[in-house]
Amino acid sequence: MPESPDIPENIAARIRLVMPHSLPSQEQPLPGQQADPDRNEPMPYQRPEGLLPVNTYVCPIDILSLDSNAQTATFRPFTVNQLVPSNFQDALSIANSVSYIYVHCETDGSQVNAVTLEVSSTPRPPPAVTMGSAPSAFDVLVWVIVRTSSGGGYTFSRFKIWGCGNIAASPVEFIRTDKSTPVPGQSSYDIWYAWSAVLG
């Protein structure tokens, strides 16, 4: 007898050949037929709780290790305009109740000359703007790590701010203001610059 009054038995049998079979405990063989062997594909990998899933993307600036006893974190290498932070191998202290992880860049106003990873217990002010050339330094927030007490120890909640990629930074014009004493033949505006940091 067919499984459904609308589906003939021979059609239902063909459907079962191309559709995933149910688990053995759920199989309902047709009258007079033996239950087919289980043809299910292997079950998807079930990751242990707290571990990263298999085949996850690995990005620059990801947390490489977090030691809850020492309250330190290390990060994967990354670049800012091809420069690798001088302290990228260092374990940074995350002993604050909230740790803001910044990429600190030193510049000459037109290009980045030095990069370091830094931790701050408070948010830093927004990037500055300067007249004539871009600021001599700027910061990029990449992680926020929150520490909470847990049974005599600590647990850490991690929030990634930066996307999956390195940092490309360039000076950009931010605003123009009228010069107080313009000079004939020259621009009547003062040009103010800032740093723009994007995924690189």
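Throughout, numbering of the chain's residues begins at 1 and tracks the sequence.
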Could you state the interatomic distance from [atom1] ([X]) to [atom2] ([Y]), rounded to the nearest 0.5 Å?
| X | Y | atom1 | atom2 | value |
| --- | --- | --- | --- | --- |
| Asn113 | Asn81 | CG | CG | 10.0 Å |
| Cys164 | Ile61 | SG | CD1 | 9.5 Å |
| Lys160 | Ile101 | NZ | CD1 | 13.5 Å |
| Gln111 | Cys105 | CD | SG | 12.5 Å |
| Ser86 | Glu106 | OG | CD | 10.0 Å |

So do the side chains of [X] and [Y] get within less than 4.5 Å of each other, counting heavy atoms only?
| X | Y | result |
| --- | --- | --- |
| Val142 | Ile161 | no |
| Ile145 | Ile63 | yes |
| Trp162 | Val140 | yes |
| Tyr154 | Ser149 | yes |
| Thr116 | Pro85 | no |
| Val98 | Val144 | yes |

Cation-aromatic face contact Arg147/Phe156, 6.0 Å, 45 degrees: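 No cation-pi geometry.
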Charged tip of Arg124 within 45° of Tyr102 ring normal and under 6.0 Å: yes
Give a yes or no answer on whether the side chain of [X] reaches the backbone of [Y] with a donor-acceptor pair at less than 3.5 Å.
| X | Y | result |
| --- | --- | --- |
| Asp190 | Thr177 | no |
| Lys179 | Ser187 | yes |
| Asn87 | Asp90 | no |
| Ser133 | Tyr193 | no |
| Asp108 | Ser110 | yes |

Return the minimal non-hydrogen interatomic distance between [X] and [Y], and the atom names on each side.
| X | Y | answer |
| --- | --- | --- |
| Thr130 | Pro135 | OG1-N, 3.2 Å |
| Pro60 | Phe78 | CB-CB, 3.6 Å |
| Leu199 | Gly163 | CD2-C, 3.8 Å |
| Gly200 | Ala168 | CA-CB, 3.9 Å |
| Ala194 | Ala134 | O-CB, 4.1 Å |
| Phe138 | Thr107 | CE2-CG2, 3.7 Å |

Same apolar cluster (I L V M F W Y, side chains within < 4.5 Å links), Tyr100/Phe88: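 Tyr100 and Phe88: separate clusters.
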Single-linkage hydrophobic cluster, 4.5 Å side-chain cutoff, Leu92 and Val115 together: yes
Residue pair Thr148 / Thr155, side-chain donor-acceptor N/O under 3.5 Å: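 A donor-acceptor contact under 3.5 Å links the two side chains.
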Ser65-Thr74 side chain donor-acceptor pair, cut-off 3.5 Å: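 There is such a pair between these side chains.
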Set of residues satisfying side-chain contact (heavy atoms from CB on, under 4.5 Å) with respect to Ser157, sequence neighbours excluded: Val146, Phe159
Partners meeting side-chain contact (heavy atoms from CB on, under 4.5 Å) with Arg176 (sequence neighbours left out):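 For Arg176, the residues satisfying side-chain contact (heavy atoms from CB on, under 4.5 Å) (neighbours in sequence not counted) are Glu173, Tyr189, Ile191.
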Pair Leu117-His104, side chain to side chain contact (heavy atoms under 4.5 Å, CB included): steps then yes or no: CA-CA 6 Å; Leu117 275 166; His104 179 73; over 6 Å; no
Working for side chain to side chain contact (heavy atoms under 4.5 Å, CB included), residues Ile167 and Val103: CA-CA 9 Å; Ile167 298 174; Val103 176; 4.0 Å; yes
Steps toward side chain to side chain contact (heavy atoms under 4.5 Å, CB included) verdict (Val129, Ile175): CA-CA 9 Å; Val129 297; Ile175 195 173; 5.7 Å; no
Parallel, tilted or perpendicular: rings of Phe75 and Trp143 (30°, 60°):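 Ring orientation, 0 to 90° scale: tilted.
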Check against side chain to side chain contact (heavy atoms under 4.5 Å, CB included), Ile94 and Leu66: CA-CA 9 Å; Ile94 50 172; Leu66 192 153; 3.8 Å; yes
